[in-house]
Amino acid sequence: MISISMKDVTKSFGENNVLKGVTFDTHEGEIFGMLGPSGAGKTTIINILTKQFAADGGEVYVSASSNEMGLMLEHDGLFPRLNCLENLIIFEKIYGIPHSRSIEALESVGLAKAHKTAVEKLSRGMRQRLVIARAILHKPKILFLDEPTSALDPLTAQGIYHLIKELRGSGTTIFLTTHNMQEAVNLCDRVVMLHGGTIIEQGDPNEICDRYSAVKTIKDLEAVFVQLTGGGLQ
């Protein structure tokens with residue numbers, strides 16, 4: 001079943017045409033990746049799908065209501081002086097869910113033993129896991145992850161990958177943005193490549209790699225954008 005769909009979606013800010021007829025769909029229970037350089041329109045798409053912005057034109061469908069979505073965005077919004085558990089308690093009250101869910105969420109991301117640790121004392125990877133815990137606190141149908149492993153070391157990133165796959169296994173639809181093709185290959189069932197507000201390629205990430213001489217690294221990905229658009233990732 002379709003979980004998310006966009007058809008000929010456009011969005012402008014003043015004279016800046018950010019999205020130029022974007023069309024794609026995702027299926028329930030899959031990990032769907034969106035790749036593209038900074039300024040390609042990835043965050044704008046998430047903002048439209050999560051109803052923070054309205055599209056100027058086209059059709060948008062999301063199978064989940066706002067309170068059935070989970071968000072992990074670029075700015076984590078954590079309260080640094082509060083501990084891990086206290087950060088989640090704030091949101092359990094907002095969602096009106098049992099306190100046991102905060103404990104379960106911390107356990108699911110491997111932070112149960114750190115539940116009394118202040119956020120300001122956490123490593124970058126632990127902060128990322130806490131943000132995911134907050135995003136899944138209410139067991140969302142759709143989870144949006146914006147650059148979930150950005151600036152993380154490879155070992156910590158692998159832990160995040162494992163968690164994302166577990167969430168997919170439980171039936172959650174995962175929509176993630178990344179600029180790392182290797183990450184897409186490791187995680188995603190399908191991907192779209194966005195450049196200048198336009199989708200220029202889509203499909204199985206392994207098949208895309210095969211079509212473009214084993215695209216694996218950011219340099220290889222840049223070469224694809226050059227090939228398809230005449231421009232790079234700048």
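Only a predicted model underlies this, so the values are computations on that prediction, with no experimental measurement involved.
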Do S65 and N67 have side-chain N/O donor and acceptor atoms under 3.5 Å apart? yes
Are V60 and I4 linked, directly or through intermediate hydrophobic residues, by side-chain heavy-atom contacts shorter than 4.5 Å (ILVMFWY only)? yes
Report the residues that fulfil salt bridge (charged side-chain N to carboxylate O under 4.0 Å, His left out) with D76, sequence neighbours left out, ordered by chain and then residue number. R127
Which atoms form the tightest heavy-atom contact between S3 and H27, and what is the distance? CB-C, 3.9 Å
Side chain to side chain, S123 and T156, heavy atoms closer than 4.5 Å: no
Check the pair I142, L49 against side-chain contact (heavy atoms from CB on, under 4.5 Å), reporting the backbone distance first and the verdict last. CA-CA 11 Å; I142 302 175; L49 293 175; over 6 Å; no
Compare all side-chain heavy atoms of S63 with those of I2 and state whether any distance is below 4.5 angstrom. no
Answer yes or no: is there a side-chain heavy-atom contact under 4.5 Å between L111 and M126? yes
Residues forming a side chain to side chain donor-acceptor pair (under 3.5 Å) with S66, sequence neighbours excluded: none
Selection residues 116-167 - residue pairs positive for ring-ring contact (aromatic ring centres under 6.0 Å, His included), sequence neighbours left out: Y95-H138, F144-F175
Stepwise side-chain contact (heavy atoms from CB on, under 4.5 Å) check, I164 with L143: CA-CA 10 Å; I164 291 172; L143 178 60; over 6 Å; no
Taking the side chain as everything from C-beta on, heavy atoms only, tell me whether L88 gets closer than 4.5 Å to L130. yes
If two hydrophobic side chains count as joined below 4.5 Å and joins carry through other members, does F91 share a cluster with M69? no
Rounded distance (nearest 0.5 Å) linking atom CZ of R134 with atom CZ of R129: 15.5 Å
CG (L19) and CG (D56) are apart, to the nearest 0.5 Å, by 8.5 Å
Taking side chain as C-beta onward, heavy atoms only, is D189 less than 4.5 Å from R168? yes
Within the structure provided, determine whether P148 and E183 are in side-chain contact (heavy-atom separation under 4.5 Å). yes
Of the non-hydrogen atoms in A135 and P140, which two are nearest, and what is the gap between them? O-CG, 3.5 Å
Within a strict 4.5 Å, meaning less than it, do heavy atoms of the V119 and L82 side chains meet? no
Could you tell me if the side chain of T177 sits less than 4.5 Å from the side chain of E147, heavy atoms only? yes
Does M1 belong to the same Ile/Leu/Val/Met/Phe/Trp/Tyr cluster as I31, with side-chain heavy atoms less than 4.5 Å apart forming each link? no
Dump the intermediate steps for side-chain contact (heavy atoms from CB on, under 4.5 Å) on Q128 and T149, then the final yes or no. CA-CA 8 Å; Q128 293 282 70; T149 61; 5.7 Å; no
